[in-house]
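Heads up: the structure comes next, in structure tokens.
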Protein chains: 2
Amino acid sequence: MDKISVLVADDHTLFRKGVRKMLEVEEDMQVVGEAATGREALEQARTLMPDVILMDIKMPDLDGVEATRTLCQEMPHVGIIFVTMFQDDEFVFRGLQAGGRGYILKDADPETMLRAIRAVANGESLLGPTIAQKALRHFSALPGKQAPLVDELTPRELEVLTLIAEGLCNKDIARELSISEKTVKNHINNIFSKLHLYDRTQAMLYAIRQGLVKVDET
Amino acid sequence: MDKISVLVADDHTLFRKGVRKMLEVEEDMQVVGEAATGREALEQARTLMPDVILMDIKMPDLDGVEATRTLCQEMPHVGIIFVTMFQDDEFVFRGLQAGGRGYILKDADPETMLRAIRAVANGESLLGPTIAQKALRHFSALPGKQAPLVDELTPRELEVLTLIAEGLCNKDIARELSISEKTVKNHINNIFSKLHLYDRTQAMLYAIRQGLVKVDET
DNA sequence: CCCCAAATAGGCCCGCCGACCCTTCCCTGC
DNA sequence: GCAGGGAAGGGTCGGCGGGCCTATTTGGGG
């Protein structure tokens with residue numbers, strides 16, 4: 001079997017070179033390219049067709065999540081592993097939703113990284129235990145629990161969510177609840193972070209899927 | 001029975017005075033107040049509690065449609081008639097959706113206006129024949145025709161609409177269809193005007209109600 | 001052959017949305 | 001009594017969404 005080809009996308013040169021060195025001593029993998037920005041990562045990925053991409057989340061030009069979204073549409077088989085400085089749940093969730101399959105911290109044990117690369121190259125997915133737990137709760141629609149995350153919302157937030165799902169803009173929601181538009185935005189921000197969403201259209205779909213609103217009558 | 005109390009909301013003083021004169025000679029109605037802006041219309045309506053409001057659509061401060069939206073929530077029984085200089089289908093549709101119940105042109109026969117006022121005060125609705133036809137087609141979910149307006153969309157527009165309904169942002173839609181974001185916006189604008197919608201969340205609801213997209217699986 | 005509709009694209013502009021900061025007040029649990 | 005969380009409110013700021021207008025190309029129907 002061929003070596004696992006790896007593309008390293010990170011704006012820190014030292015990190016890229018370090019990874020290259022680390023993988024050089026491994027017999028079953030090799031770094032085939034480097035990229036310092038999101039766009040570079042896209043170009044390199046298209047020409048090199050690597051098995052695995054180590055993708056920094058924060059990069060100039062185009063962030064790792066966006067790059068991942070694009071790449072996963074173009075090349076569904078590529079395994080993308082996010083490498084971040086610190087544990088930022090929100091970014092990780094968005095990355096996984098965009099199509100990423102792995103996630104490791106930059107200060108992780110090198111062995112961890114190697115295992116992640118091999119796992120992802122094998123079509124599997126490797127997540128840290130903390131993330132894995134949250135991710136499973138979020139992505140799995142296990143039959144026992146209908147609404148895995150909705151019950152984390154406060155009554156007020158639930159109220160706001162249903163109004164979002166009915167298509168009201170923030171101003172109308174404010175009017176409807178007789179509160180300030182700023183407060184509405186705060187509630188909405190809380191909803192987003194609790195449900196791991198990023199905009200109101202996603203919130204609509206979430207609410208509709210969870211059956212929080214009826215869709216038939218006008 | 002009491003006289004029908006009428007509030008005239010229009011930024012043209014001459015028009016207001018003219019209407020007042022016209023109604024003075026009618027035995028069953030009287031002008032109880034005037035407003036020159038949308039906000040004034042709101043205040044006057046709240047204190048005077050008129051039976052009918054003649055509402056100009058274009059007004060400073062707050063347009064007639066917005067004022068209507070607010071008023072119909074606060075006082076559902078008020079009958080609002082839109083008075084416009086010319087036939088602007090879009091505004092009329094939005095006005096009717098906001099809760100207006102009548103619509104007449106400023107150059108209409110005075111008799112028409114009087115009939116409209118009496119009809120609306122009576123809880124009915126009076127629309128010109130052109131508008132009535134389109135409005136019925138839009139609002140009525142007659143069983144024979146599932147999608148009254150969707151078939152006016154071009155194939156491309158329909159494609160864009162389904163992507164909107166799936167929660168994609170304009171940039172993602174552009175990527176998905178391999179076209180410019182500007183073009184996406186054009187399609188979306190066309191969709192809005194053909195379906196009488198005003199933003200993407202309304203489009204989502206429309207598409208979902210019409211069954212253009214499935215909502216269950218992720 | 002000409003005209004129209006559809007699709008694509010660009011520019012300009014503004015308002016809303018959402019991110020990320022805060023503060024205050026109240027209620028409940030420890 | 002104090003901590004903590006929920007609710008409400010405020011400010012700033014970048015970016016996206018949508019209004020509006022123009023232009024080009026292509027294909028089909030009169």
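If you're wondering where the values come from, they're calculated on a predicted model, not measured in any experiment. To find a chain, count down the sequence lines: A is the first, B the second, and so on, and within it residues start at 1.
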At less than 3.5 Å, do the side-chain atoms of Lys185(B) and the base atoms of dG18(D) form a donor-acceptor pair? yes
Between CD1 of Ile179(B) and C1' of dA9(C) the distance, given in whole Å, is 10 Å
Taking DNA chain D as the partner, which of residues 166-176 of chain B come within under 4.0 angstrom of it by heavy atom? Cys169(B), Asn170(B), Lys171(B)
Between CD of Gln202(A) and C1' of dC16(D) the distance, given in whole Å, is 15 Å
Atom CD1 of Ile188(B) to atom P of dC16(D): distance rounded to whole Å? 14 Å
What's Asn190(A) touching, base or sugar-phosphate or nothing? Going by heavy atoms closer than 4.0 Å. nothing
Selected nucleotide, minimal atom distance to Phe192(A) side chain, candidates dG18(C), dG17(D), dG6(D): dG18(C)
Side-chain heavy-atom pair Leu163(A), Leu177(A) within 4.5 angstrom cut-off: yes
If you count heavy atoms of other groups shown closer than 6.0 angstrom to NZ of Lys171(A), is the number above 12? no
Reading DNA chain C from 5' onward, which residue's closest nucleotide shows up sooner: Glu181(A) or Arg156(B)? Arg156(B)
Please state whether the phosphate of dG10(D), meaning OP1 or OP2, lies under 4.0 angstrom from any side-chain nitrogen or oxygen of Thr183(A). no
Among Thr84(A), Val83(A), Ile117(A), which residue meets the side-chain contact (heavy atoms from CB on, under 4.5 Å) test with Ile104(A)? Val83(A)
Nearest-angstrom distance from the residue atom NE2 of His187(A) to C1' of dC17(C): 16 Å
Gap between atoms NE2 and P, on His196(B) and dG18(D) respectively (whole Å): 18 Å
So do the side chains of Ile53(A) and Leu71(A) get within less than 4.5 Å of each other, counting heavy atoms only? yes
Can you confirm whether more than 12 heavy atoms, excluding those of Met49(A), are under 6.0 Å from its CE atom? no
Does a side-chain N or O from Ser180(B) land closer than 4.0 Å to OP1 or OP2 of dG10(C), or not? yes
Salt bridge check: are Glu34(B) and Lys17(B) linked by an N-O gap of less than 4.0 Å? yes
Starting from P on dA19(C), measure out to CG on Asp63(A) and report it in whole angstrom. 14 Å
Rounded to whole angstroms, how far apart are CD on Glu157(A) and P on dA8(D)? 10 Å
Are any of the side-chain nitrogens in Glu66(B) or Arg69(B) under 4.0 Å away from the carboxylate oxygens of its partner? yes
Here the distance between atom C1' of dC21(D) and atom NZ of Lys182(B), to the nearest Å, is 12 Å
On the side chain of Asn186(A), is there an atom forming a donor-acceptor pair with the base of dG9(D) - under 3.5 Å, no angle test? yes
